[in-house]
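Right, one structure below, let's go through it.
Here the structure is a predicted model, which is why all the values come from computation and not from measurement. Proteins come first, then strands; the chains are lettered A, B, ... in the order of their sequence lines, and each starts at number 1. Atom set for the values below is all heavy atoms of this structure, side chains included, hydrogens, waters and symmetry mates excluded.
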Protein chains: 2
Amino acid sequence: MLKLSKKTEYAFMAARYLALNNSGHYSTAKEIAENYDISHQLVAKVLQVLKKNNIAASFQGVKGGYVLNKKPDEITLYDIIIAVEEKYKLTNCMHDEPTEESCSHIEGCRIRDPLAGIQKKIDNVFINTSLKQIL
Amino acid sequence: MLKLSKKTEYAFMAARYLALNNSGHYSTAKEIAENYDISHQLVAKVLQVLKKNNIAASFQGVKGGYVLNKKPDEITLYDIIIAVEEKYKLTNCMHDEPTEESCSHIEGCRIRDPLAGIQKKIDNVFINTSLKQIL
DNA sequence: TGATATACGACTATTTTAGTCCTATTTAAT
DNA sequence: ATTAAATAGGACTAAAATAGTCGTATATCA
Ligand code: SF4
Ligand code: SF4
């Protein structure tokens with residue numbers, strides 16, 4: 001309930017690592033995994049997603065790895081969350097255009113609008129926190 | 001990921017209903033369930049918890065039911081969440097005193113403190129929204 | 001005494017999250 | 001050329017959290 005997924009935590013960690021190690025060489029998934037003591041493969045996937053969303057840039061091959069694509073103060077935690085979590089929303093009905101599919105109670109529901117307001121405020125918490133602030 | 005549980009949604013709905021129907025008679029779980037088209041039993045449980053936490057008062061028997069224990073502007077969404085969700089926290093390590101039990105990565109983790117700050121901000125979103133504001 | 005309500009524990013099913021495994025491709029160094 | 005180290009990414013499994021049901025006890029009114 002209102003918990004951050006490990007995926008997001010790993011993305012924060014990885015981005016943080018890249019921000020702190022921007023000197024010349026590319027940082028690898030393995031390197032990051034060992035530094036934070038987390039699964040190599042999970043970090044690898046998260047990095048791939050960060051790359052896809054232009055938060056990081058990647059280089060393949062033996063001396064390959066990742067670097068950040070922007071300055072740490074230009075990347076918000078919101079950017080990272082949105083990149084990594086397809087389902088970041090307080091309720092199901094906030095994803096697609098609301099239908100019976102997304103929530104069977106949508107008909108009689110009277111808390112949708114207030115919750116949308118809450119959602120915005122929570123979004124803002126993450127929008128207003130840059131990667132730089134968690135270094 | 002950062003989703004409200006149905007339990008919490010039902011608690012919001014139930015509290016809202018009680019706030020809007022405070023005229024004399026006690027509101028029953030069945031009544032609320034029908035009004036919002038949700039499971040009778042789930043609402044019942046949620047109401048029991050609200051009672052336990054002094055957000056609502058209950059009366060047993062044939063003409064029994066529930067009423068709010070405070071005015072809608074004296075009840076925050078945070079109160080309701082805390083009542084209903086034992087595990088409302090961004091990360092596992094924020095629950096008990098952090099040990100290896102709560103998170104195996106706690107040793108090398110460098111994002112715990114920043115996340116604690118985020119947690120407070122999110123708490124404040126719910127603390128600063130009263131039941132009255134979602135009527 | 002029957003009907004209707006709260007109270008509450010145990011259980012099941014479903015969904016989401018976390019994590020692993022496997023294979024392909026790219027590239028630097030030997 | 002070959003090998004080793006890296007990204008890229010799909011398929012799969014395991015574990016945990018969520019959602020929902022069932023059954024039974026107790027209280028109260030008519
Ligand atoms: S219950 Fe209401 S708020 Fe919750 S998902 Fe359904 S429509 Fe949205
Ligand atoms: S990874 Fe860090 S922040 Fe996340 S639960 Fe473990 S200690 Fe807490």
For nucleotides 13-15 of chain C, which of its nitrogen or oxygen atoms have a protein nitrogen or oxygen under 3.5 Å away, and what is each distance?
none

Problem set entry | Residue among A:L4, A:V84, A:L131 satisfying side chain to side chain contact (heavy atoms under 4.5 Å, CB included) with A:F12 | A:L4
Problem set entry | Minimum-distance nucleotide to A:S5 side chain [options: D:dG20, C:dA18, C:dA3] | C:dA18
For this session: Would you sort out whether B:I38 and B:E9 count as a side chain to side chain contact (heavy atoms under 4.5 Å, CB included), showing the intermediate values?
Result: CA-CA 11 Å; B:I38 53 188; B:E9 288 195 26; over 6 Å; no
For this session: Identify, between B:V62 and B:H105, the residue whose nearest nucleotide on DNA chain C lies closer to the 5' end.
Result: B:V62
For this session: Could you tell me whether the phosphate oxygens of D:dT7, OP1 or OP2, come under 4.0 Å of any side-chain nitrogen or oxygen in A:Y26?
Result: no
Problem set entry | Qualifying salt bridge (Lys or Arg N to Asp or Glu O under 4.0 Å) pairs with a residue from residues 51-78 of chain B, counting only residues at least two apart or across chains | none
Problem set entry | Ring geometry between B:F59 and B:Y26 (parallel below 30°, tilted from 30 to 60°, perpendicular above 60°) | parallel
Exercise. Between A:Y10 and A:K63, who's closer to the 5' end of DNA chain C by nearest nucleotide?
Worked result: A:Y10
For this session: Verify, without hydrogens or angle tests, whether A:Q133 (side chain) and A:S130 (backbone) share a donor-acceptor contact under 3.5 angstrom.
Result: yes
Problem set entry | Cluster check A:Y10, B:I106: I/L/V/M/F/W/Y, side chain < 4.5 angstrom | no
Exercise. Is there a donor-acceptor pair under 3.5 Å between the side chain of A:R112 and the backbone N or O of A:C93?
Worked result: yes
Exercise. Within a radius of less than 6.0 Å around NZ of A:K3, do more than 12 heavy atoms belonging to other residues, nucleotides or ligands occur?
Worked result: yes
Exercise. To the nearest Å, how far apart are B:K3 NZ and C:dT16 P?
Worked result: 6 Å
All N/O contacts under 3.5 Å from nucleotides 6-10 of chain C to the protein, with atom names and distances to one decimal?
unit_1, atom_1, unit_2, atom_2, d
C:dT6, OP1, B:A29, N, 3.0
C:dT6, O2, B:Q60, NE2, 3.1
C:dA7, OP1, B:K51, NZ, 3.3
C:dA7, OP1, B:S58, OG, 2.6
C:dA7, OP2, B:Y66, OH, 2.6
C:dA7, N7, B:Q48, NE2, 3.4
C:dG9, O6, B:K45, NZ, 3.0
C:dA10, N6, B:K45, NZ, 2.8

